[in-house]
Asks: 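Pasting a structure here, questions to come.
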Amino acid sequence: MSDSSTRKSLFSRPLDLVYFIYFATHIPVTVCIDFQAFYPPEWVPQILKDALLMYTRDFKDPFMSSKEPTYWFLSFVVCELLVQLPFFFIACVGLVRDSKYIRLPLAVYGAHVATTVAPLLAEVLLNPAYDLTQSERYILSGFYAPYFILPLIMVLDSSMRVHKYLTVSSEKKNQ
């Protein structure tokens, strides 16, 4: 919404509030945990190394704990650095401002993330090479699943909103 008089509070838009919390909490996790694969070890404070160790030990994540590089997974982390991390800030601002212009980028982001998390879920659930019990596979999938489901909801929700904006815009032109 471009007119400030028609903007609704973020707290009156529950789904947008969920998106905002998702993006805002994703920033420190991305910077402090996910990017440890690229930082020189001496740059990482011990508490963050311990947090990653606890996660990989408790969830037995074969991607984050791999001693050998998993290049397809690392390529997803690079995309997280170059594409997603900057977008987290843009999304937070756009959501707070109730900007209609954030909807298309939210749909693009959601599609990108859902399609990168889908192969992670498939690997975790189906690849017999990982030494995981069925229960451990479900637990780890439960950790990754919200990063698939919420972006997918974002795609659907944002696409419907963009469609609505376009429909209203074309109706105004035809009047």
Asks: Identify the two heavy atoms, one from Arg103 and one from Leu95, that lie closest to each other, and give their separation to 0.1 Å.
Replies: NH1-CD2, 4.1 Å
Asks: Please check if Leu104 and Phe88 belong to a single hydrophobic cluster, counting links between Ile, Leu, Val, Met, Phe, Trp and Tyr side chain heavy atoms closer than 4.5 Å.
Replies: no
Asks: Answer whether the closest heavy-atom distance between the side chains of Leu81 and Val77 falls below 4.5 Å.
Replies: no
Asks: Answer yes or no: is there a donor N or O on one side and an acceptor on the other, between the side chain of Ser12 and the main chain of Lys8, under 3.5 Å?
Replies: no
Asks: I'd like a table of donor-acceptor pairs (distance under 3.5 Å, sequence neighbours excluded) in which one partner is a side-chain atom from residues 107-130, with atom names and distances.
Replies:
| from | atom 1 | to | atom 2 | distance (Å) |
| --- | --- | --- | --- | --- |
| Tyr109 | OH | Tyr22 | OH | 2.7 |
| His112 | NE2 | Gln84 | NE2 | 3.1 |
| Thr115 | OG1 | Ala111 | O | 2.9 |
| Thr115 | OG1 | His112 | O | 3.0 |
| Thr116 | OG1 | His112 | O | 3.4 |
| Thr116 | OG1 | Val113 | O | 2.9 |
| Glu123 | OE1 | Asn127 | ND2 | 2.7 |
| Glu123 | OE1 | Tyr130 | OH | 3.0 |
| Asn127 | OD1 | Ala129 | N | 2.8 |

Asks: Does any part of the side chain of Pro62, heavy atoms only, come nearer than 4.5 Å to the side chain of Leu140, both counted from C-beta?
Replies: yes
Asks: Would Leu17 end up clustered with Phe89 when hydrophobic side chains under 4.5 Å apart are linked, directly or stepwise?
Replies: yes
Asks: Would you say Leu106 and Phe23 make side-chain contact, with heavy atoms under 4.5 Å?
Replies: yes
Asks: Suppose the criterion is salt bridge (charged side-chain N to carboxylate O under 4.0 Å, His left out): which pairs have a residue in residues 25-53, not counting sequence neighbours?
Replies: none
Asks: What are the two closest non-hydrogen atoms of Val96 and Leu10, and how far apart are they?
Replies: CG2-CD2, 4.2 Å
Asks: Do Phe38 and Val44 share a hydrophobic cluster (ILVMFWY, side-chain heavy atoms under 4.5 Å, transitive)?
Replies: yes
Asks: Rounded to the nearest 0.5 Å, what's the gap from CG on Leu132 to CD1 on Ile139? Could you check?
Replies: 10.0 Å
Asks: Leu85 versus His26: any side-chain heavy-atom pair under 4.5 Å?
Replies: no
Asks: Between Ile90 and Val18, is there shared hydrophobic-cluster membership here, with clusters defined by ILVMFWY side-chain heavy atoms closer than 4.5 Å?
Replies: yes
Asks: Evaluate the ring planes of Tyr39 and Phe35, with Trp represented by its six-membered ring, and classify them as parallel (under 30°), tilted (30 to 60°) or perpendicular (over 60°).
Replies: perpendicular
Asks: Give me the atom names and distance for the closest heavy-atom approach of Gln36 to Cys32.
Replies: NE2-O, 2.9 Å
Asks: Between Glu136 and Thr133, is there a side-chain heavy-atom distance shorter than 4.5 Å?
Replies: yes
Asks: For the residue pair Phe87 and Ile102, what are the closest heavy atoms and their distance?
Replies: CE1-CD1, 4.0 Å
Asks: Parallel, tilted or perpendicular for Phe63 and Trp72, by the 30°/60° rule?
Replies: perpendicular
Asks: In this structure, would Leu53 and Trp43 fall into the same cluster of hydrophobic residues linked by side-chain contacts under 4.5 Å?
Replies: no
Asks: Angle between ring planes, Phe143 versus Phe59, binned at 30° and 60°: parallel, tilted or perpendicular?
Replies: tilted
Asks: For Pro146 versus Pro151, what's the shortest heavy-atom pair and its separation?
Replies: O-CD, 3.5 Å
Asks: Shortest non-hydrogen contact from Leu52 to Met64?
Replies: CD1-CE, 3.6 Å
Asks: Take atom CD1 in Ile47; do more than 12 heavy atoms of anything else shown fall under 6.0 Å from it?
Replies: no
Asks: Please round to the nearest 0.5 Å and tell me the distance separating atom OH of Tyr19 and atom SG of Cys92.
Replies: 14.0 Å
Asks: To the nearest 0.5 Å, what is the distance between CG (Asp16) and OG (Ser99)?
Replies: 10.5 Å
Asks: Nearest 0.5 Å please: distance from the CE atom of Met54 over to the CD1 atom of Ile33.
Replies: 8.5 Å
Asks: Tell me, please, which residues at least two apart from Tyr144 pass side chain to side chain donor-acceptor pair (under 3.5 Å).
Replies: Asp61
Asks: Sort out for me which residue in Arg161, Arg13, Arg7 forms a salt bridge (charged side-chain N to carboxylate O under 4.0 Å, His left out) with Asp98.
Replies: Arg13
Asks: Taking C-beta and beyond as the side chain, do Met160 and His163 meet within less than 4.5 Å on heavy atoms?
Replies: no
Asks: Judged by atom type as modelled, is there a donor-acceptor pair below 3.5 Å linking the side chain of Ser159 to the main-chain atoms of Leu156?
Replies: no
